[in-house]
Amino acid sequence: MATQDGEEVIMETEAKPQEAEPLCEGAEKGDTETTSHTDAGNATTQESSISNGDDADDDQREMVDVKIIWNKKKYDLKIPVDDTGAKLKESIHSLTGLPPAMQKVMYKGLVPEDKTLREIKITNGAKIMVVGSTMNDVLAVNTPKEVIQQEVKAEENKKEPLCRQKQHRKVLDKGKPEDIMPSVKGTKERLPTVPLSGMFNKSGGKVRLTFKLEQDQLWIGTKERTEKVPMGSIKNVLSEPIEGHEDYHMMAIQLGPTEASQYWVYWVPVQFVDAIKDTVLGKWQYF
């Protein structure tokens with residue numbers, strides 16, 4: 001019996017490892033399930049991280065805080081620095097209700113619609129001037145009488161180049177001023193941050209043009225005085241290259257309805273001519 005008991009003991013002893021095997025399998029299964037749950041958890045965490053990463057990209061877009069000035073009112077605007085001038089106009093529309101097509105947006109000259117704020121070098125705290133009016137106001141300014149006057153002047157200009165007319169020759173014959181700003185032919189530049197100086201007016205005196213965009217004014221300065229002209233009151237801007245010096249223009253700034261109100265400026269660098277016209281007149285006046 002002892003042997004049998006011994007055998008039984010041995011059998012029981014041998015049986016115990018056999019009973020333990022399922023426990024190992026269970027443990028391995030548990031480990032597998034734990035690993036599976038861990039992997040699934042990691043996958044979920046990874047997916048969550050990816051999703052949060054997209055949101056972070058939106059939050060991390062570089063923004064710029066600017067001040068919009070329109071109709072003597074100031075508006076604070078926060079806008080992505082990589083938005084274009086066209087997008088800026090849409091944001092201004094949301095702020096002011098002024099349609100983009102009726103806006104003249106200026107920051108060191110007229111803001112181009114196809115360039116980004118970064119390219120225009122608009123930074124935090126920049127003051128952006130907006131000039132605009134309703135369609136009714138624009139039509140009231142551009143009366144049929146003024147349109148006819150402009151057509152008549154255009155026909156007169158075709159007869160003889162302005163630079164050959166006697167009234168202009170007496171100024172042009174003095175020659176190019178020594179302190180005139182350099183010209184760059186074949187290029188178009190934005191208005192400089194300093195006044196355009198060294199030019200002549202109709203009397204042969206020195207004149208400088210300063211563009212005060214925040215006040216929407218053009219300052220015409222001479223030795224005697226400085227005249228501050230609201231840009232909205234300027235009816236037209238004419239220009240013509242000076243014969244023999246095509247890199248400079250003579251320019252008429254029409255302050256009233258007749259030719260008598262034209263203020264002539266001579267030796268305007270050609271690279272600034274278009275910028276002056278766009279800044280003073282603005283596209284919105286051509287409707």
A.B. asks: Does Met231 form a side chain to side chain contact (heavy atoms under 4.5 Å, CB included) with Thr279? I'd like the steps, not just the answer.
C.D. replies: CA-CA 8 Å; Met231 291 191 193; Thr279 300; 4.1 Å; yes
A.B. asks: Do Leu196 and Ile276 make a side-chain contact, defined as non-hydrogen atoms from C-beta onward lying under 4.5 Å apart?
C.D. replies: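 Sidechains of Ile276 and Leu196: in contact.
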A.B. asks: Are Val105 and Glu113 packed together at the side-chain level, in the sense that at least one heavy-atom pair is separated by less than 4.5 angstrom?
C.D. replies: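 No. Closest side-chain heavy atoms not under 4.5 Å.
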A.B. asks: Any donor-acceptor pair under 3.5 Å linking the side chain of Lys174 with the backbone of Gly204?
C.D. replies: yes
A.B. asks: Using the side chain to side chain contact (heavy atoms under 4.5 Å, CB included) rule, take Ile122 and Val81 through it: C-alpha gap first, then chi angles, then the decisive distance, then the call.
C.D. replies: CA-CA 8 Å; Ile122 291 180; Val81 72; over 6 Å; no
A.B. asks: Do the ring planes of Tyr248 and Trp267 sit parallel (below 30°), tilted (30 to 60°) or perpendicular (above 60°)?
C.D. replies: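 The arrangement is perpendicular - the two ring planes meet at more than 60°.
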A.B. asks: Write down the atom of Tyr107, the atom of Lys121, and the distance for their closest heavy-atom approach.
C.D. replies: OH-O, 3.6 Å
A.B. asks: Test of understanding: with salt bridge (Lys or Arg N to Asp or Glu O under 4.0 Å), list the residues that count as partners of Asp247, not counting sequence neighbours.
C.D. replies: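 Asp247 satisfies salt bridge (Lys or Arg N to Asp or Glu O under 4.0 Å) with no other residue.
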A.B. asks: Tell me whether Val270 is reachable from Trp264 by hopping between hydrophobic residues (I, L, V, M, F, W, Y) whose side-chain heavy atoms are closer than 4.5 Å.
C.D. replies: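 No; tracing contacts between hydrophobic side chains, which count when under 4.5 Å, never links both residues.
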A.B. asks: Rounded to the nearest 0.5 Å, how far does CZ of Arg118 lie from OG1 of Thr84?
C.D. replies: 13.5 Å
A.B. asks: In Å, rounded to the nearest 0.5 Å, how long is the span from OG1 of Thr116 to CG of Leu88?
C.D. replies: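 Result: 11.5 Å between the selected atoms.
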A.B. asks: What distance do Ile92 atom CD1 and Ile68 atom CD1 have between them, rounded to the nearest 0.5 Å?
C.D. replies: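 Spacing of CD1 (Ile92) from CD1 (Ile68) equals 4.0 Å.
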A.B. asks: Is it true that Gln167 and Lys202 share a donor-acceptor pair across their side chains at a distance under 3.5 Å?
C.D. replies: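 Yes - a donor-acceptor pair under 3.5 Å links their side chains.
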A.B. asks: Do Thr96 and Tyr75 come within less than 4.5 Å of each other through their side chains, counting heavy atoms only?
C.D. replies: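 Counting from C-beta outward, Thr96 and Tyr75 do come under 4.5 Å.
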A.B. asks: Not counting sequence neighbours, which residues clear salt bridge (Lys or Arg N to Asp or Glu O under 4.0 Å) with Glu90? List them please.
C.D. replies: none
A.B. asks: What heavy-atom pair brings Leu117 and Pro80 nearest, and what distance separates the two atoms?
C.D. replies: CD1-O, 3.8 Å
A.B. asks: Counting C-beta onward and ignoring hydrogens, is there a side-chain heavy-atom pair between Ile120 and Lys108 closer than 4.5 Å?
C.D. replies: no
A.B. asks: Do side-chain atoms of Lys104 reach the backbone of Asp278 as a donor and acceptor pair under 3.5 angstrom?
C.D. replies: no
A.B. asks: Taking Pro182's backbone N and O only, do any of them form a donor-acceptor pair with Gln271's side chain (distance below 3.5 Å, no angle check)?
C.D. replies: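 Yes, the answer is positive, given that a donor and an acceptor are paired below the 3.5 Å cut-off.
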A.B. asks: So which atom in Ile180 and which in Gly198 form the shortest heavy-atom distance, rounded to 0.1 Å?
C.D. replies: CD1-O, 3.4 Å
A.B. asks: Please find the pair of heavy atoms, one from Arg225 and one from Glu227, that lie closest to each other, and give the distance.
C.D. replies: NH2-OE1, 4.0 Å
A.B. asks: Would you please test Phe200 and Val265 for side chain to side chain contact (heavy atoms under 4.5 Å, CB included) and show each step?
C.D. replies: CA-CA 6 Å; Phe200 286 146; Val265 180; over 6 Å; no
A.B. asks: Sequence neighbours excluded, which residues qualify as salt bridge (Lys or Arg N to Asp or Glu O under 4.0 Å) partners of Lys185?
C.D. replies: none
A.B. asks: Could you state the interatomic distance from NZ (Lys67) to CD1 (Ile128), rounded to the nearest 0.5 Å?
C.D. replies: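 Separation between the atoms: 11.5 Å.
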A.B. asks: For Lys78, does its backbone N or O pair with a side-chain atom of Asp65 as donor and acceptor, under 3.5 Å?
C.D. replies: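 No, because the side chain of Asp65 does not come within donor-acceptor range (under 3.5 Å) of the backbone of Lys78.
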A.B. asks: Indicate the atoms forming the closest heavy-atom contact of Leu238 with Asn236, along with that distance.
C.D. replies: CD2-ND2, 3.6 Å
A.B. asks: Among Asn201, Asp179, Thr222, which residue meets the side-chain hydrogen bond (donor to acceptor under 3.5 Å, both in side chains) test with Lys206?
C.D. replies: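 Going through the options one by one, the only one that passes is Asp179.
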A.B. asks: Asp173: which residues meet the salt bridge (Lys or Arg N to Asp or Glu O under 4.0 Å) condition with it, sequence neighbours left out?
C.D. replies: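 Applying salt bridge (Lys or Arg N to Asp or Glu O under 4.0 Å) to Asp173 gives Arg169.
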A.B. asks: Could you give the distance from NZ (Lys188) to CG (Asp274), rounded to the nearest 0.5 Å?
C.D. replies: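 Going from the NZ atom of Lys188 to the CG atom of Asp274 covers 4.0 Å.
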A.B. asks: Side-chain contact, heavy-atom cut-off 4.5 Å: Ile220 with Leu209?
C.D. replies: yes
A.B. asks: Between Gln103 (side chain only) and Val130 (backbone N and O only), is there a donor and an acceptor less than 3.5 Å apart?
C.D. replies: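 Side chain of Gln103 to backbone of Val130: no pair is present.
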A.B. asks: I need the full list of side-chain hydrogen bond (donor to acceptor under 3.5 Å, both in side chains) pairs touching residues 211-221, with sequence neighbours left out, sorted by first then second residue.
C.D. replies: Gln217-Trp219
A.B. asks: Please tell me if the side chains of Leu172 and Met250 come closer than 4.5 Å, counting only heavy atoms from C-beta onward.
C.D. replies: yes
A.B. asks: According to side chain to side chain donor-acceptor pair (under 3.5 Å), who are the partners of Glu189, at least two apart in sequence or on a separate chain?
C.D. replies: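 With sequence neighbours excluded, Glu189 shows a side chain to side chain donor-acceptor pair (under 3.5 Å) to no residue whatsoever.
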A.B. asks: Decide yes or no on side chain to side chain contact (heavy atoms under 4.5 Å, CB included) for Leu213 and Lys127, but give the supporting numbers first.
C.D. replies: CA-CA 9 Å; Leu213 301 183; Lys127 295 180 180 179; over 6 Å; no
A.B. asks: Provide the closest heavy-atom pair for Ser261 versus Gly256 in the form atom of the first, atom of the second, distance.
C.D. replies: OG-N, 2.9 Å
A.B. asks: Rounded to the nearest 0.5 Å, what's the gap from CZ on Arg164 to CD1 on Ile242? Could you check?
C.D. replies: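 One gets 13.5 Å once the value is rounded to the nearest 0.5 Å.
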